[in-house]
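The next block holds one structure in the form of structure tokens; read it before the comments.
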Amino acid sequence: MNEPAAPAAPARRAIRSFVRREGRITAAQSRALEEHWGRYGVEFHGTPLDLDALFGRRAPRTLEIGFGDGETLVALAARHPERDYLGLEVHAPGVGHCLLRAAAAGLTNVRVLRHDAVEVLEHGLPPASLDEVLIYFPDPWPKKRHHKRRLLQPAFAALLATRLAPGGRLRLATDWAPYAEWMRAVLDPSAEFVNEAGAAGYVPRPAERPETKFERRGARLGQAARDLAYRRR
Ligand SMILES: C[S@@+](CC[C@H](N)C(=O)[O-])C[C@H]1O[C@@H](n2cnc3c(N)ncnc32)[C@H](O)[C@@H]1O
């Protein structure tokens, strides 16, 4: 667990937090992309998104980054019809899976983008446009030479802070203990965020957070999940 602290100023854009792997999309996921993309999907052209127009209203907004199969995104959106949920994911089968779930639940408060979160945050989301950001079980990139690929880097945290409204909340979870420490090493010293757990560092698992297959897999391997919650100053 003796990992180096997070780097101060990584050269970010040459390095991505994901590897494109398009394989193994099921027929149902592929059909979902064809049938439901028009309803839930948002094309990203590198220009600012009009979130009020996308959702057809102005409501408190949650962004989930790297939603995987959409288990969390869809469950939370179903539970909170008074909020809007924007999801970012690069993996096509996961997006298909999420669309299937959203359509089956008849949701109207979900939109998804299939694009790199860093670019969407940089160019697509206006300042202070989000009330909550969720980053659950981001790829841990355990090897030291891959740490630069971890999504959460100081520059990305600073970008997130600008997109969150003052008082907005950033929630994270990981079952990779060294990444949990890395998250704290990035966020605790940040002038923009306050750790809601104080010196304890980690918050109890929020009852609301649905268990995803990544969390279940980690639990089977004996890796307990840690939850973090920060407030934007
Ligand atoms: C380990 S999975 C966890 C998925 C989900 N949050 C869960 O708990 O089941 C991490 C996900 O983040 C996505 N991802 C990684 N970097 C991303 C980025 N820069 N933009 C959007 N999605 C990203 C990956 O494609 C992957 O599906």
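The residues of the chain are indexed from 1 along the displayed sequence. When a ligand or atom number is given, it counts from 1 through the structure's own listing order.
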Q | Enclosure of R79 CZ (heavy-atom neighbours >12, cutoff 6.0 Å) | A |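 Counting other residues, nucleotides and ligands, CZ of R79 exceeds 12 neighbours.
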
(Q) Can you confirm whether the side chains of Y85 and N109 place a donor and an acceptor under 3.5 Å from each other? (A)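 Looking only at side-chain atoms, N109 and Y85 do not form any donor-acceptor pair under 3.5 Å.
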
Q: Using non-hydrogen atoms of the residue, decide whether H115 is closer than 4.0 angstrom to ligand 1.
A: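 Under 4.0 Å: yes for H115.
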
(Q) Do H123 and P48 make a side-chain contact, defined as non-hydrogen atoms from C-beta onward lying under 4.5 Å apart? (A)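 Sidechains of P48 and H123: no contact.
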
Q: Would you mind reporting whether V194 and Y230 have side-chain heavy atoms less than 4.5 Å apart?
A: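 Of all side-chain heavy-atom pairs linking V194 with Y230, none is under 4.5 Å.
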
Q) What do the steps show when you test L125 against L51 for side chain to side chain contact (heavy atoms under 4.5 Å, CB included), and what is the final call? A) CA-CA 8 Å; L125 294 175; L51 296 177; 4.0 Å; yes

(Q) Centroid separation under 6.0 Å, is that true for the rings of H147 and W182? (A)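 When the ring centroids of W182 and H147 are compared, they turn out to be within the sub-6.0 Å range.
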
Heteroatom distance test ([X], ligand 1): nitrogen or oxygen, under 3.5 angstrom:
X	answer
L151	no
H91	no
F214	no
K213	no

Q. Side chain, backbone, both or neither: which part of T212 has a heavy atom under 4.0 Å from ligand 1?
A.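 T212 to ligand 1: side-chain contact only, backbone stays beyond 4.0 Å.
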
Q) Taking the six-membered ring of Y202 as reference, does the NZ or CZ atom of R184 fall below 6.0 Å from its centre and within a 45° cone about the axis? A)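 Judged by the rule, R184 and Y202 form a cation-pi pair.
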
Q) Honestly, is R209 close enough over Y136, meaning NZ or CZ under 6.0 Å from the six-membered ring centre and within 45° of the axis? A)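 Pair R209/Y136 counts as cation-pi.
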
What residue and heavy atom of the protein are closest to [atom], and at what distance?
atom	answer
atom 4 (C) of ligand 1	G66 O, 3.4 Å
atom 16 (N) of ligand 1	S17 OG, 2.7 Å
atom 11 (C) of ligand 1	E89 OE1, 3.7 Å

Run the numbers for me: atoms of ligand 1, each under 4.0 Å from some heavy atom of [X], listed by number.
X	value
F67	5 (C)
Y136	3 (C), 5 (C), 6 (N), 8 (O)
D116	18 (C), 19 (N), 20 (N)
F137	1 (C), 2 (S), 3 (C), 8 (O), 10 (C)

